[in-house]
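Take a look at the structure set out below.
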Amino acid sequence: MNALGPSLAPYVRSSRSLKTFVTPIAHWYAGLMGYRRMGLKYDDLQMEELPEVQRALGRLTPREAYDRAYRMKLALHASVMHKDLPKDQWVSIKDVCITLSVLGPSPTLSQDVRYLKPHIESVLQEDEERAVWDNMAVHRK
């Protein structure tokens with residue numbers, strides 16, 4: 001299994017009725033998890049110990065790396081204090097949509113900004129390509 005793990009998201013997005021049924025449940029569950037109340041984004045929860053994620057973190061822009069470190073520091077402080085961040089510092093669905101409107105075409109509430117996922121996917125693709133090209137067998141005479 002890779003760093004991103006299995007996902008049913010493409011299948012859910014392809015079915016219109018399934019998407020309308022699952023999207024509110026997904027938003028409810030994401031709110032229940034509590035990472036947004038701590039000021040974290042979904043990609044902040046990736047396991048940093050995996051080598052693919054380590055290489056992807058090295059590819060972040062300095063601004064993305066700084067923002068990630070700042071969010072982690074705020075979440076750690078809130079955890080030590082046993083309090084959630086003030087409501088104005090929570091990551092909300094509206095923040096996600098505003099960020100998406102700057103990044104690309106009309107956002108919907110079901111989209112989330114995955115700043116680390118493209119980097120992880122490129123690392124995995126490079127590993128697959130390396131495995132395909134690195135198949136030379138040496139035979140002794």
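Below, all heavy atoms of this structure are taken into account, side chains as well, without hydrogens, waters or symmetry copies. All of these numbers come straight from a predicted model, not from anything done at the bench.
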Taking [X] for the side chain and [Y] for the main chain, is one N or O donor matched with an acceptor at less than 3.5 Å?
X     : Y      : value
Glu48 : Gln54  : no
Asp43 : Leu116 : yes
Glu64 : Thr61  : yes
Thr23 : Lys19  : yes

Inter-residue atom distance [X].[atom1] - [Y].[atom2], 0.5 Å rounding:
X     : Y      : atom1 : atom2 : value
Arg55 : Leu124 : CZ    : CG    : 8.5 Å
Leu4  : Glu121 : CG    : CD    : 6.0 Å
Arg13 : Leu8   : CZ    : CG    : 11.0 Å
Met38 : His77  : CE    : NE2   : 10.5 Å
Lys41 : Gln46  : NZ    : CD    : 14.0 Å

Following the transitive rule for hydrophobic clusters with a side-chain heavy-atom cut-off under 4.5 Å over Ile, Leu, Val, Met, Phe, Trp and Tyr, establish whether [X] and [Y] coincide in one cluster.
X      : Y     : answer
Leu85  : Leu76 : no
Tyr11  : Phe21 : yes
Tyr42  : Trp28 : yes
Ile25  : Met33 : no
Tyr115 : Val53 : yes

Notebook entry, point to check: When Asp44 is tested against each of Arg36, Arg114, Lys73, Arg71 for salt bridge (charged side-chain N to carboxylate O under 4.0 Å, His left out), which residue passes?
Noted result: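 It is Arg71, the one option of Arg36, Arg114, Lys73, Arg71 that forms the salt bridge (charged side-chain N to carboxylate O under 4.0 Å, His left out) with Asp44.
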
Notebook entry, point to check: Minimum heavy-atom separation for Ala56 to Ile120, with atom names?
Noted result: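 Smallest interatomic distance, heavy atoms only, reads CB-CG1, 3.6 Å.
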
Item checked: Arg59 versus Ser122, closest heavy-atom pair with distance ->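 It is NH1-OG, 3.1 Å.
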
Notebook entry, point to check: Has Leu32 got more than 12 heavy atoms of other residues, nucleotides or ligands less than 6.0 Å from its CG?
Noted result: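 For Leu32, atom CG is crowded (more than 12 foreign heavy atoms under 6.0 Å).
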
